[in-house]
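We use all heavy atoms of the structure for the numbers below, so side chains are in, but hydrogens, waters and symmetry mates are not. Letters A, B, ... are given to chains in the order of the sequence lines, protein chains preceding strands, and every chain is numbered from 1.
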2 protein chains.
Amino acid sequence: MTADPRVRRTKALVHEAAIAVLVEEGFTGVSIESIAQRAGVARTTIYRHWSSPAAIVIDAFDSLSEPFELEPSGDVRTDLVTVLGRLATDLPESRWASVLTALVAAAEHDPELAERKRALAESRRRATMSLIEDAARRGEIRADVDSELVAAMLAGPLFYRRLLTNEPVDRQLVETIVDVVLAGLDHRSAGAARARSAARPRR
Amino acid sequence: MTADPRVRRTKALVHEAAIAVLVEEGFTGVSIESIAQRAGVARTTIYRHWSSPAAIVIDAFDSLSEPFELEPSGDVRTDLVTVLGRLATDLPESRWASVLTALVAAAEHDPELAERKRALAESRRRATMSLIEDAARRGEIRADVDSELVAAMLAGPLFYRRLLTNEPVDRQLVETIVDVVLAGLDHRSAGAARARSAARPRR
DNA sequence: CGACAACGCTACACAGTCGTAGCGTACAAG
DNA sequence: CTTGTACGCTACGACTGTGTAGCGTTGTCG
């Protein structure tokens, strides 16, 4: 976009600083002043590129969204454990998780930030849903599952423990969750009347 | 505690205002000034009772924790649907959910607020866990389930949709989740090796 | 009724952030 | 080399929140 290396350098420094402040102090600590100090950039310089702290932070998020890559193995359980395992690894300590946590609260009062929150979580969610849909297509799981629902049932418990109860999230937990959900979806014999409701028309 | 009705009135007004500001603007909007204005109370009066905005908010939370009551029907599915159904009702619009959301982010940087967050979510969580343990005792579900895990698997997806994806949370969803989880736990035949891992030694 | 306490109000000093302006310096690009 | 631009620095006024002090008024309770 911008050719001048001075501008690119400034923007990179400010983005980095904005995320750092947000992670360490939350939205309360974010101000043009604090970001400028953290970035080692003059406050006036920041005003030349952004109009408000919110604009800086939002701009910084765009330099944070990483495409989520995964090479499918062909087995649902294996792939789901891989994806969720990576989520379990990132949830406790990654910058991504910290930013997402801050956004959860901020999104309540700012539609723009709500959109960024969605964007941050989307790539992983889509990856999970794709795995489920592919497995359904291959016949590994019932063909009529609601992939959004299943994704929520898999990732939900991990976020629940991270955000609400602060319980640890480890690989053992991930495997258990995947197994219970897959078993619950497969169940067609005794409690079939129950499990059947898991199949809902896709919107 | 305090005998003087004037003090009780003031505290009630301030508590109410603090929660209102927190819900409407989040922690960013909370200040002694904003609370005083909202409560219709002089700022100096507030200083006579509290030393900081945080102290006010924390104090206000204590007047917010409601014991969670439930008369068990004896059937796990029925009772779980009731408890989670109430959660589904409260999540989208209750003051409780708004406060909890604000606390999720604030708890990252303030241990005291982390404790209040835990307290706010605890009564419902305990109710859910009790239902599971009772059902296990009665033999309705396998006896060796980890109730904390199951509670996370039931409530997690609801919070996930409310906090992360902003998808609607309705009764139909609740029933589906309960059915899948119960079916997944019951499953002893084909995929037993998988479901078995759901049983973990209680801590 | 009388003593005491809580409250509202005003005022003040202080700190932090905001947003803008001007000027000199350093770097980029033709 | 020369022009243009980005940057750092300083300074300023305005606004908002903080914390304290004093004083008059109102309500409480014995």
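- A donor N or O paired with an acceptor N or O is not found under 3.5 Å between the base of dG27(D) and the side-chain atoms of R9(B).
- Taking only side-chain atoms of S31(A), from C-beta outward, the nucleotide of dC9(C), dT17(C), dG27(D) with the closest atom is dT17(C).
- One finds no salt bridge joining E25(B) and R38(B) here, because no Lys/Arg side-chain nitrogen approaches an Asp/Glu carboxylate oxygen to under 4.0 Å.
- Across the protein-nucleic acid pair, I46(A) atom CD1 and dT17(C) atom P stand 12 Å apart, rounded to whole Å.
- If you measure from atom CG of L13(A) to atom P of dG8(D), you get 9 Å, rounded to the nearest angstrom.
- With salt bridges taken as basic N to acidic carboxylate O contacts below 4.0 Å, none links R124(B) and E69(B).
- We find that CZ of R38(A) is positioned 19 Å from C1' of dT17(C), with the value rounded to whole Å.
- In this structure, I56(B) places its CD1 atom 13 Å from C1' of dG19(D), rounding to the nearest Å.
- In the interface, the side chain of R43(B) is not paired with the base of dG8(C) through any donor and acceptor atom under 3.5 Å apart.
- Look at H49(B) and you'll find a side-chain N or O under 4.0 angstrom from OP1 or OP2 of dC7(C).
- Among the atoms of the strands shown, only primed sugar atoms or phosphate atoms (P, OP1, OP2) are found under 4.0 Å from some heavy atom of S51(B).
- Other residues, nucleotides and ligands place more than 12 heavy atoms under 6.0 Å from the CZ atom of R8(B).
- Side-chain atoms of P5(B) lie closest to dT28(D) of the nucleotides dT28(D), dA6(D), dT20(C).
- The base of dC7(D) is not paired with the side chain of R6(A) by any donor and acceptor separated by under 3.5 Å.
- Side-chain contact annotation: S31(B) with E33(B), donor-acceptor N/O pair under 3.5 Å absent.
- Summarising the geometry, the separation between CD1 on I35(B) and P on dG19(D) is reported as 12 Å, rounded to the nearest angstrom.
- Rounded to an integer number of Å, the gap from CD1 of I32(B) to C1' of dG16(C) is 16 Å.
- A close approach under 4.0 Å does occur between a side-chain nitrogen or oxygen of T45(A) and OP1 or OP2 of dG8(D).
- Mapping V7(A) and S52(B) onto DNA chain D by nearest heavy atom places V7(A) closer to the 5' end of the strand.
- One can place OH of Y47(A) at 16 Å from C1' of dC7(D), the figure rounded to the nearest angstrom.
- Between D62(B) and R116(B) a salt bridge is recorded (basic side-chain N to carboxylate O distance below 4.0 Å).
- Few gaps surround CZ on R138(B); more than 12 heavy atoms of other groups in view lie less than 6.0 Å from it.
- Residue side chain T44(A) does not reach the base of dC7(D) through any donor-acceptor N/O pair under 3.5 Å, judged by distance alone.
- Nearest to the side chain of R48(A), among dC7(C), dT18(D), dG8(D), sits dG8(D).
- Taking atom CZ of F27(B) as the reference point, atom C1' of dG17(D) lies 17 Å away to the nearest angstrom.
- OP1 or OP2 of dA6(D) has not a single side-chain nitrogen or oxygen of T10(A) nearer than 4.0 Å.
- Nearest to the side chain of V41(A), among dG8(D), dT17(C), dC7(D), sits dG8(D).
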